[in-house]
Number of protein chains: 2
Amino acid sequence: MERKLLLLGLLRQRGMHGYRLHEFIERNLSLYTDLKKPTAYYLLEQMVRDGWLTAEVEQEGQRPPRRVYHLTPAGEEAFQRLLREALATDRPMTFPGDIALGFLDELPKEEAIQLLEMRKQALKERLENLLRVPPHPGSLQWLFEHQSHHLRSELEWLEKLILHLKEENP
Amino acid sequence: MERKLLLLGLLRQRGMHGYRLHEFIERNLSLYTDLKKPTAYYLLEQMVRDGWLTAEVEQEGQRPPRRVYHLTPAGEEAFQRLLREALATDRPMTFPGDIALGFLDELPKEEAIQLLEMRKQALKERLENLLRVPPHPGSLQWLFEHQSHHLRSELEWLEKLILHLKEENP
DNA sequence: TTTTCCATGTAACTCGTTACATGATTTC
DNA sequence: GAAATCATGTAACGAGTTACATGGAAAA
């Protein structure tokens, strides 16, 4: 549903065709969501079938025809509903990389530390890359803020874990 | 792959049949992973086909027969490989609930704050529930530590966001 | 002139879930 | 006698991905 919220929110600001939409998301929001091209086209057509969007074909010169999407009143309603729902909902998150932590004691401590240092290094680079991104307009900046808060917090946690392993009695 | 790592890691400690395995995961690890029953059975059979596990049928009295799984040398190798890989890998995470933050400014500020307060309340309860869990043995405790670190960090962030919205000039 | 861009899609597949089937056995 | 437990699975479905198809136009 979050993906539909995203598409609706962007189309609400101005009508677009699928290609532009996907391009915009790739360029500006790839850090916060990953919406593949076929998925985007599929969801758009689904929302047309559900009466949330209209699609008019438009052609410029000899370029390929475009299907330009706009919100219907039902689409606007859906957007309002999905937005409120998403904001008010706390979603339990499960970290896929975490299961391995449960078997940390199966490795020699030296090696465990070394592997975690590799993870830390990659995480650090990801954070640095994120901080290089120019600021987003308006509320989009909150996505950035949340992401960077999370990365900093993860880094902090990893450092604490590594330190703890190092200081443990052998 | 994380699911297979989990199954391998548990079976390595002692052989088990699918039902017990799933039961154990449900009881002790449901906060950190969700592995449905049919998925467990499916993955186990897949690993038998791949030569990672052996399965011997065992029957106690008139109870239903059990397929008891044990690691083969190839299974042990796979476990070692998957464990190292998972520990060293930093996985970019995307928060599904976040997209809505990008449209925060589409709502009256009062309502936005109110919705986020609801999210905060749910998050708080989730944290409190987690803290009520008795400690896990050995490395499993790290799963708990990471989860609770993350929840505290999320709560902190949400509080900062709400505060910022409240203090913004109208 | 070959590559990249524009623009839309389909087909096949993977991973995982839900709902259901089976049948004995212990518990209420 | 009814319900929950033990134990294994299948079938159908859903969301999303990858790889591919098409074909003209612009750019290198």
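Heavy atoms only: backbone and side chains are in, while hydrogens, waters and symmetry mates are out. Just so we're on the same page: letters track the sequence lines, and every chain starts at 1.
Distance CD (A/Q59) to C1' (D/dG23): 13 Å, rounded to an integer number of Å. One can place NE2 of B/H22 at 14 Å from P of C/dG16, the figure rounded to the nearest angstrom. Protein atom CE of B/M1 is 11 Å distant from nucleotide atom C1' of C/dC15, rounded to whole Å. In this entry the distance linking CD of A/E2 with C1' of D/dG16 reads 15 Å, nearest Å.
Of the residues in residues 41-58 of chain B, those with a non-hydrogen atom less than 4.0 angstrom from any atom of DNA chain D are B/Y41. Of the residues in residues 5-16 of chain B, not one places a heavy atom less than 4.0 Å from an atom of DNA chain D.
For A/D50, the side chain to side chain donor-acceptor pair (under 3.5 Å) criterion is met by no residue, not counting sequence neighbours. Residues that satisfy the side chain to side chain donor-acceptor pair (under 3.5 Å) test with A/N129, not counting sequence neighbours, are A/R132. With sequence neighbours excluded, the residues satisfying side chain to side chain contact (heavy atoms under 4.5 Å, CB included) with B/Y42 are B/Q46. Under the salt bridge (Lys or Arg N to Asp or Glu O under 4.0 Å) criterion, A/E156 pairs with no residue, sequence neighbours left out.
With C/dT8, D/dT8, C/dG16 as the choices, the nucleotide that has an atom nearest any side-chain atom of B/R66 turns out to be D/dT8.
Legend: side-chain hydrogen bond (donor to acceptor under 3.5 Å, both in side chains) pairs involving residues 73-89 of chain B, not counting sequence neighbours, sorted by first then second residue: A/E111-B/R84, B/R12-B/E76, B/E76-B/Q80, B/Q80-B/R84. Annotation: side-chain hydrogen bond (donor to acceptor under 3.5 Å, both in side chains) contacts involving residues 32-41 of chain A, sequence neighbours excluded, comprise A/Y32-A/H136.
A side-chain contact (heavy atoms from CB on, under 4.5 Å) with B/L53 is found for exactly one of B/L8, B/L7, B/V68, B/T72, namely B/L8. Residue A/L21 is tested with A/L35, A/L44, A/L6 for a side-chain contact (heavy atoms from CB on, under 4.5 Å); the sole match is A/L44.
If you chain together ILVMFWY residues whose side-chain heavy atoms come under 4.5 Å of each other, A/V57 ends up in a group of its own. Grouped by direct or indirect side-chain proximity (heavy atoms under 4.5 Å, Ile/Leu/Val/Met/Phe/Trp/Tyr only), A/L163 sits alone.
Taking five base pairs at each end of the helix from C/dT1-D/dA28 to C/dC28-D/dG1 and finding the rotation axis that steps the C1' atoms of four pairs onto the next four gives two axes whose angle is 30°, to the nearest 10°.
The residue A/E23 sits close only to the backbone: its heavy atoms come under 4.0 Å of sugar-phosphate atoms, none of a base.
Side-chain contact between A/M93 and B/R126 is absent, with no heavy atoms from C-beta onward closer than 4.5 Å.
For the 3.5 Å distance criterion, the side chains of B/S153 and A/H149 qualify, holding a donor opposite an acceptor. Counted by atom type alone, A/E154 and B/H146 present one or more donor-acceptor pairs between their side chains at under 3.5 Å.
Aromatic ring pairs are classed by plane angle as parallel below 30°, tilted from 30° to 60° and perpendicular above 60°; the pair B/W142 and A/H164 is perpendicular.
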Contact letters for nucleotides 18-28 of chain C, in which S counts primed atoms plus P, OP1 and OP2 and B counts the base, heavy atoms under 4.0 Å: BB---BSSS--

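For D/dG9, one of the phosphate oxygens OP1 or OP2 lies less than 4.0 angstrom from a side-chain nitrogen or oxygen of B/R67. For C/dG16, the OP1/OP2 oxygens have a side-chain nitrogen or oxygen of B/R3 closer than 4.0 Å. For D/dT8, the OP1/OP2 oxygens have no side-chain nitrogen or oxygen of B/Y19 closer than 4.0 Å.
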